[in-house]
2 protein chains.
Amino acid sequence: MPLNEDQLTQIRDERKEQIMAAGLRVFAKRGLAHTKMSMIAAEAGISHGLLYHYFKSKDELFLQLLQSAMEESIAGVQELYRLPGSPLDKLRSLTELILLPENAAHFMLIHHARTAEDMPDKARQILQDYSMKTYIDQLLPLFEEGQKMGELVEDEPRRLITTYLTVLTALMVLNTHEHEDFRQMEPAVLLRMIAKPGAL
Amino acid sequence: MPLNEDQLTQIRDERKEQIMAAGLRVFAKRGLAHTKMSMIAAEAGISHGLLYHYFKSKDELFLQLLQSAMEESIAGVQELYRLPGSPLDKLRSLTELILLPENAAHFMLIHHARTAEDMPDKARQILQDYSMKTYIDQLLPLFEEGQKMGELVEDEPRRLITTYLTVLTALMVLNTHEHEDFRQMEPAVLLRMIAKPGAL
DNA sequence: GTCTATATTAGGATAGAC
DNA sequence: GTCTATCCTAATATAGAC
């Protein structure tokens, strides 16, 4: 018996999800240029040609993944404000969140988009839409409150946020390549950069 | 009049240096797989074919560059002991050294070797020869002295060194892509991770 | 919807002229 | 010692069979 409209739609949606999950894993590990479509096809367990049935090109697949990775990372920061605890507690949560291995693939994808030399213009556009400034603006109230409460050092807040985010960003990149030389960071050590000594 | 033996040797040495300098710049930026031999030739201002006259293959050129980058980074750490000042002063110098833009290319080359998926076995061998353990062993006396003097926190020293080097390594990678979003780190902020509050 | 050819181009490596 | 022309493989993308 033939498949009806709904069943076909469902198959298509499932396939697309399956391809995007596979694409995220492979792109995160190897970057855009060095990922072959055949790798993604193999990772997703489908044929090479079918990939092109769902995504017009390698770039298009990458761009869709980048867009959703950016959206999720912004949403992650916004979530902080809904957590209980002091500003320092929330920043500890942020630190843990960023260092979580499950999240590494998203961050790595963004890293590749930021650093690869031959990114399509569309990718640069997406990166600009969610620049560091976006994150700083979101975190500013939290840092200012932490300083008022005496939990955080007195440095100029935007500057302090940039510094801390830079370190976290750097670590999440390293974090992806689970290299035995580099240890899993303890949030407490990192927080010493921004917290008043007594507050930890 | 024909060139004599010495002059030919000199031309060859100069060319080789010229190629290696160009190769370092391009490999550091783009990695092994994504660097085309034609890019290095263009950067060095010579033809594609001449490159192969001096280096058997792309891999061979990369491996020679990796080897010397590793040797120089180890030598840099050893230099610390010849500097004047307290252990904390020396660690401040190390931090500055690692964050220096002039050194970024070397570190980036090593980073690519560590993270790319398709590195030749020879590269993995070189990386093992100069693993994190090498650096830790070199820095251990310095950290122990710093702890004895009350300048550094009391954590287990090898663990503390690993943590600090991991952060520095992560930053030097980010440092390479001079991205306006990420600010140049101030050593003082980073040193808060390892120094006793009073010592800074 | 899915697969197996196939066209096409890019890039590593070599050969041979100068 | 240096360059240009060429070979050859790998990988993106498409066409067409099922």
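In what follows, every chain begins at residue 1, and chains take the letters A, B, ... in the order their sequences are listed. This structure is a prediction, so every number in the text was calculated from the model and none was measured. Reckoned from all heavy atoms, side chains included, excluding hydrogens, waters and symmetry mates.
- Whole-Å rounding puts the A/Glu60 CD to D/dT14 P distance at 11 Å.
- Distance A/Leu32 CG to D/dA11 C1': 14 Å, rounded to the nearest Å.
- Here the C1' atom of nucleotide D/dA10 and the NE2 atom of A/His48 are 11 Å apart, to the nearest Å.
- If you take CZ of B/Arg12 and P of D/dT2, they are 10 Å apart, rounded to a whole angstrom.
- Distance CE (B/Met37) to P (C/dG11): 14 Å, rounded to an integer number of Å.
- Within 4.0 Å (heavy atoms only), B/Thr9 reaches no atom of the nucleic acid at all.
- Side-chain atoms of B/Asp6 and B/Gln10 include no donor-acceptor pair closer than 3.5 Å.
- For B/Tyr54, counting side-chain heavy atoms from C-beta on, the closest listed nucleotide (D/dT14, C/dG12, D/dG1) is D/dG1.
- Here the side chain of B/Ile46 is nearest to one of D/dT2, D/dT12, D/dC3, namely D/dC3.
- In this structure, the CG atom of B/Asp59 is 17 Å from the P atom of C/dG11, given to the nearest Å.
- Between the CG atom in B/Leu109 and the CZ atom in B/Arg114 there is a gap of 11.0 Å [rounded to 0.5 Å].
- Cation-pi geometry between B/Lys122 and B/Phe62 is not met: the NZ or CZ atom fails to fall both under 6.0 Å from the ring centre and inside 45° of the normal.
- In this structure, a donor-acceptor pair under 3.5 Å is present between the side chains of A/Tyr135 and A/Ser73.
- Rounded to a whole Å, the CZ atom of A/Phe62 is 19 Å from the C1' atom of D/dA13.
- If you measure from atom CG of A/Leu51 to atom C1' of C/dC3, you get 13 Å, rounded to the nearest angstrom.
- When the nucleotides C/dG1, D/dT2, C/dG12 are ranked by their closest atom to the side chain of B/Lys36, C/dG12 comes out on top.
- Side-chain proximity of A/Ser47 to D/dA11, C/dC3, C/dA13: nearest is C/dC3.
- In this structure, of D/dA13, D/dG1, C/dC3, it is D/dG1 that holds the atom nearest to the side chain of B/Leu50.
- Seen from the ring of A/Phe27, A/Lys58 does not count as a face-on cation partner, given the 6.0 Å and 45° thresholds.
- Within the structure, every side-chain polar atom (N or O) of A/Tyr52 is placed at least 4.0 Å from both OP1 and OP2 of D/dT14.
- Distances shorter than 4.0 Å separate some side-chain N or O of A/His53 from OP1 or OP2 on C/dG1.
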